[in-house]
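Whatever order the structure lists them in is the order used to number ligands and atoms, beginning at 1. A quick note: this is a predicted structure, and the numbers were derived from the prediction, not measured.
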Amino acid sequence: MHFQWYPGHMTKAKRMMQENIKLIDLVIELVDARLPMSSRNPDIDELGKQKARLILLNKSDLADDRCNEEWENFFKEKGFSVVKVNSKKGNGIKSIQSVIQEACKEKIERDRKRGILNRPVRAMVVGIPNVGKSTFINALAGKACTKTGNKPGVTKGKQWIRLNKQVELLDTPGILWPKFEDQIVGLRLAFIGSIKDEILNSQELAAELISFLQEKYTGILAEKYEIDEQQDKYVCLEEIAKKRHCLVRGNELDLDKAARLVLDDFRNGRLGKITLEFPQDYS
Ligand code: G4P
């Protein structure tokens, strides 16, 4: 399978990021809790190296609880502040404000020593497409937010959302480009639906997901689809098609339909809370 992220988009995204990052104190980086490494782009470490850093394990509702804990510890050990969130339902959002203060305490202390009091911390949300940036900003800002207009010294046109007296958020999130060059990364991003399905072979993709589940979440497929899951991944797909009556022209199996069913069930959490990569593989 081959994936493509247009170089033009990438250059533009990177330029925007470089411009905006100068204006902020804190980078709030959203990753997908199901694949916290593959949904990151390590370029952000270079771009944000002078800034305070907060990683949000978003969509934590769809990921394995035990793995969420492990990933939280993994990033904390690397010096990041970390919060598990479900931006859609709002879980974890309440604690963010205090974590922001904590993550920026050195900057606040530096300001205080220079006699600068009450200057709000400025933050920007970044992440790859579809990771939940807009959902998160809406959840964090809520209805109570007031947008501030252009400010002296700030590039014209930038809008800041004032969360409270202490924190302001750039209202447009920064888009990071995924690292498709690595095929495993591309495959995992495709599992979660970050890559348009039209450009992929859905049967191949579903078969790879089946193979992963057979190994790491043994029993899930057997339980959900009432099949013998200890078989070749493509045979499993056929079994699922039979059980779910995915048919074309009366009695021929519709494997594309079965593949989409499996992928949809996974993406919507109907197969349970599943994490696709594990900290042990990155230590
Ligand atoms: P982006 O700005 O980073 O591109 O992402 P966006 O907020 O548009 O979110 C992408 C999708 O992810 C949306 O679903 C959104 O509802 C969902 N999402 C965001 N955060 C979470 C989360 O913590 N948990 C879960 N389960 N889903 C989350 P969608 O399919 O585009 O829309 P809809 O189904 O919500 O209508």
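Here the CD atom belonging to Gln50 is positioned 14.0 Å from the NZ atom belonging to Lys107, to the nearest 0.5 angstrom.
In this structure, atom 29 (P) of ligand 1 has no protein heavy-atom contact shorter than 4.0 Å. Atom 26 (N) of ligand 1 is flagged as protein-proximal [any protein heavy atom, distance under 4.0 Å]. Within a 4.0 Å radius of atom 14 (O) of ligand 1, the protein contributes no non-hydrogen atoms. At least one protein heavy atom sits closer than 4.0 Å to atom 1 (P) of ligand 1. Using a 4.0 Å threshold on non-hydrogen atoms, atom 6 (P) of ligand 1 counts as touching the protein. At a distance under 4.0 Å, a protein heavy atom can be found next to atom 18 (N) of ligand 1.
Salt bridge present: Arg66 and Glu70 bring a charged side-chain N and a carboxylate O closer than 4.0 Å. A salt bridge links Arg40 with Asp45; the closest basic N to acidic carboxylate O contact falls under 4.0 Å. Ion pair Lys51/Asp25 not flagged as a salt bridge, since none of the NZ, NE, NH1 or NH2 atoms sits closer than 4.0 Å to an Asp/Glu carboxylate oxygen. Glu277 and Arg34 are not joined by a salt bridge, as no carboxylate oxygen comes within less than 4.0 angstrom of a charged side-chain nitrogen.
Chaining together hydrophobic side chains whose heavy atoms lie under 4.5 Å apart leaves Ile116 on its own.
Only the side chain of Leu62 comes within 4.0 Å of ligand 1, counting heavy atoms alone; its backbone N, CA, C and O stay farther away.
With a 6.0 Å cutoff to the six-membered ring centre and a 45° limit on the axis angle, Lys76 does not count as a cation-pi contact of Phe80.
Residues forming a side chain to side chain donor-acceptor pair (under 3.5 Å) with Gln280 (at least two apart in sequence, or on another chain): none.
Between the Asp254 side chain and the Val248 main chain, no donor and acceptor come within less than 3.5 Å of each other.
Atoms of ligand 1 found under 4.0 Å from any heavy atom of Ser87 (numbered from 1 in listed order, with element): 20 (N), 22 (C), 23 (O). Numbered from 1 in the order shown, with element, the atoms of ligand 1 that lie under 4.0 Å from a heavy atom of Asp61 read 22 (C), 23 (O), 24 (N), 25 (C), 26 (N).
Of the polar atoms of Pro129, none of the N or O atoms is found under 3.5 Å from an N or O of ligand 1, judged by distance alone. Residue-to-ligand polar distances keep Ser60 apart from ligand 1: every N/O pair is separated by 3.5 Å or more.
The nearest protein atom to atom 10 (C) of ligand 1, hydrogens excluded, is given as Asn130 OD1, 3.1 Å; this is a heavy-atom distance. Of the protein's non-hydrogen atoms, Lys59 NZ, 3.0 Å is the one closest to atom 12 (O) of ligand 1. Ranking the protein heavy atoms by distance from atom 34 (O) of ligand 1 puts Lys88 NZ, 3.7 Å first. Considering only non-hydrogen protein atoms, atom 20 (N) of ligand 1 sits nearest to Asn58 ND2, 3.1 Å.
Within a 6.0 Å radius of CG in Asn118, other residues, nucleotides and ligands contribute 12 heavy atoms or fewer.
Taking all heavy atoms of Ile128, Val125, Asn138, Thr135 into account, the minimum distance to atom 9 (O) of ligand 1 is reached by Thr135.
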